[in-house]
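First comes the structure, then the notes that go with it.
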Amino acid sequence: MKPMKDIKHHLTNSLLMGYAAGTLPEAFNLVVATHISLCDECRAQLAEFEAVGGEVMMRTDAMAMNADALDIALAALTDSPEEVQIKAERAGIFPTPLADYVGGDVEAVRWRRVGGGVKQMILPTDSGATVRLLHIPAGASVPDHGHRGLELTLVLQGAFKDETDRFGTGDIEVANEELDHTPVAEDGLDCICLAATDAPLKFNSFLPRLAQPFVKI
Amino acid sequence: MLNLVDTRADNVAIPMHVRAMRQPLANRKSKEKRVVNENNGRMAWVAEVNAIREHQDKQAFARLFSHFAPRVKGFLVRGGAAPDQAEEIAQDVMATMWRKAHLFDPARASVSTWIFTIARNRQIDIIRRARRPEPEDLPWGPEAEPDQEEQVALQQDTERLGKAIAELPDKQRELVEKAYFGELTHAQIAEETGLPLGTIKSRIRLALDRLRHAMR
């Protein structure tokens, strides 16, 4: 997949460090990996945080291996190292990590309606956080909501605007509990996003609140 | 016969009297000794990985093993693994390094960085039992000429980063270390670490731009 040229909203340092350290919940890992697939700026920044990890590892007190460890390792070496696998470049709008979870590109998504023309598909992950694909018709809005924890929203098609800025394809919005917002999809293409959160959203009006247990937002 | 003694960092040309001067200090502070050794050793480690890739050099493997396996093990134990499990994973990490030597790119990572990423992935699989989606691979381009200067620059930048970590105020350094030992949640990781970040990123960014251009 070709990297996007005009990404304006990137991952935060703490998310990149958490991803480099391998301590994020799976749902966040998926959003981070999908954004990095599209963004060379964050791919390079991740490499820097991995270098920090390497240096931390080298500073940690070493612990002697068992006496026969090297013999065991040498005996297990295969003669021919692995072949390089050449992978075809992906078409479509889902980078590989996301396509792996969905089982294909956008046509493979099993959408469920959640009201207001908005559709979603929750992707299976472990319990630390949840992640879903959202389909918002052009011009439509996601109900006004706040967050108890952290919400990551990555745009895969189209664009949305909220009280803070405009988010185009490839951009990621990192929203914490201070942000109450009403994302509105721009006219033109329907907006498709990948959104992860580590706490349930808080809707500010009565109806979506009533629907919340049913749509599992 | 394999030379199993880890002499790598010290057999780079250093005048005898300099080595002698270094010794007493090294005895007092083992971590500082490690930093001094790394200084001379990074391109030598790159050469060892190249030797594995190019002619399956088992002596090179043995030297990498002697140096890195105990550090991987120590890191995993510090992160909460049982010593037996850490030993097993360290073995696995070294075997992976052998198999994937052709994927190592010294213009984009130091050997310590690369081994860290292998160790982290095994740790997530085996200890944290979590699934970790990885970014899409970079397209495999036409073989680019390995640019020695770029490699040396990246290795030096990583060296500087290592020193910067060592020189952080204790409290800040401990926070960075805790993040990598898995003791902080993402919400607890500070946005500002006090690390002089940016040089490695810029260098890798340029390398990626060149790679993308070559693919067109």
Side-chain angles (χ1 to χ4, degrees), chain A residues 1 3 12-15 17-18 20-24 26 28-30 33-34 36-37 40-41 43-45 47-48 50-66 69-70 72-74 76-79 81-82 84 86-87 89-90 95-97 100-101 125-126 149-150, chain B residues 4 31 34 38 56 58 61-62 65-66 69-71 73-75 77-78 87 90-91 94-95 98-102 108-110 112-113 116-117 120 123-124 130-137 139-140 158 161-162 165 176-177 179-180 182 186-187 189-191 195 197 200-201 204-205 208 212:
Chain A
M1 200 153 211
T12 61
N13 279 344
S14 40
L15 280 165
M17 192 188 253
T23 52
L24 297 184
E26 184 184 351
F28 285 178
N29 278 341
L30 178 58
T34 304
I36 289 173
S37 302
D40 277 356
E41 188 72 12
R43 192 186 282 269
Q45 184 74 332
E48 182 142 15
E50 288 177 335
V52 175
E55 298 318 291
V56 167
M57 185 179 81
M58 296 311 284
R59 287 179 48 78
T60 309
D61 289 333
M63 193 175 210
M65 296 287 282
N66 296 343
L70 181 59
I72 292 172
L74 286 167
L77 295 182
T78 48
D79 282 338
E82 274 174 19
V84 176
I86 298 169
K87 288 184 185 153
E89 201 160 277
R90 276 190 52 78
T96 306
D100 287 349
Y101 273 73
T125 58
D126 65 22
L150 191 64
Chain B
L4 306 186
K31 277 190 179 162
R34 203 174 297 155
E38 292 294 318
Q56 284 115 65
K58 290 192 176 179
F61 176 82
F65 188 97
S66 302
R71 288 173 168 87
K73 184 176 176 182
F75 176 75
V77 168
R78 180 64 185 76
E87 168 99 12
Q91 279 280 2
M94 292 298 124
W98 171 267
R99 286 199 316 276
K100 297 197 182 289
H102 58 281
R108 284 198 280 140
S110 202
S112 52
T113 306
F116 162 75
T117 60
R120 172 202 61 199
Q123 183 186 35
I124 293 171
R131 190 169 163 195
R132 177 191 160 91
E134 291 280 333
E136 192 163 303
D137 283 343
W140 200 259
T158 312
L161 181 64
I165 293 173
V176 170
E177 288 172 347
Y180 288 90
H186 56 276
I189 296 177
E191 194 58 24
L195 288 168
L197 296 171
I200 291 181
K201 172 189 158 188
I204 291 173
R205 188 70 223 269
L208 291 174
R212 301 293 189 191

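The sequence lines fix the lettering, A, B, ..., with proteins before strands; numbering per chain opens at 1. Keep in mind that what you see is a predicted model, and the values were worked out from it rather than measured.
When heavy atoms are compared at a cutoff of 4.5 Å, A/Leu150 approaches chain B solely by way of its side chain, counted from C-beta outward. Of the atoms belonging to A/Ala64, it is backbone heavy atoms, and not side-chain ones, that fall under 4.5 Å from chain B. Interface residue B/Leu197: backbone and side-chain heavy atoms are both found under 4.5 Å from chain A. Contact annotation for B/Thr117: only side-chain heavy atoms (C-beta onward) come within less than 4.5 Å of a heavy atom of chain A. Both the backbone and the side chain of A/Asp40 come within less than 4.5 Å of a heavy atom of chain B. With a 4.5 Å cut-off on non-hydrogen atoms, A/Thr34 does not touch chain B at all. Contacts between B/Arg132 and chain A at a heavy-atom distance below 4.5 Å involve backbone atoms as well as side-chain atoms. Heavy-atom distances place the backbone of B/Ala190, and not its side chain, under 4.5 Å from chain A.
In terms of the side chain to side chain contact (heavy atoms under 4.5 Å, CB included) criterion, residue partners of B/Pro135 (sequence neighbours excluded) are, by chain and number, A/Tyr19, A/Ala33, A/Ile36, A/Ser37, A/Arg43. Applying the side chain to side chain donor-acceptor pair (under 3.5 Å) rule to A/Asp100 yields no partners; only residues at least two apart in sequence or on another chain are considered.
Within the 3.5 Å criterion, the main-chain N or O of A/Ser14 finds a donor-acceptor partner in the side chain of B/Glu191. Within the 3.5 Å criterion, the main-chain N or O of A/Met65 finds no donor-acceptor partner in the side chain of B/Glu87. Between the side chain of B/Ser110 and the backbone N or O of B/Thr113 there is no donor-acceptor pair closer than 3.5 Å. At least one donor-acceptor pair closer than 3.5 Å links the side chain of A/Glu26 to the backbone N or O of A/Asp126.
Per-residue counts of heavy-atom pairs under 4.5 Å with chain A were compared for B/Arg131, B/Glu134, B/Gln91; the largest is that of B/Arg131. Of all the listed residues (B/Arg108, B/Gln123, B/Arg78, B/Lys73), the one sharing the greatest number of non-hydrogen pairs under 4.5 Å with chain A is B/Lys73. Listed options A/Ala73, A/Gly53, A/Pro97, A/Pro3 were ranked by heavy-atom pairs under 4.5 angstrom with chain B; first place goes to A/Gly53. When B/Leu195, B/Ile204, B/Ile189 are compared by the number of non-hydrogen pairs under 4.5 Å with chain A, B/Ile189 comes out ahead. Note: A/Val52 leads A/Val52, A/Leu15, A/Leu24, A/Thr23 in heavy-atom pairs under 4.5 Å with chain B.
A side-chain donor-acceptor contact under 3.5 Å links A/Glu55 and B/Ser112.
Of all heavy-atom pairs between A/Ala51 and B/Ile200, the closest is CB-CD1, 3.9 Å.
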Should A/Thr125 and A/Tyr101 be marked as a side-chain contact (heavy atoms from CB on, under 4.5 Å) after you check the CA-CA gap, both sets of side-chain angles, and the distance that decides it? CA-CA 9 Å; A/Thr125 58; A/Tyr101 273 73; 4.1 Å; yes

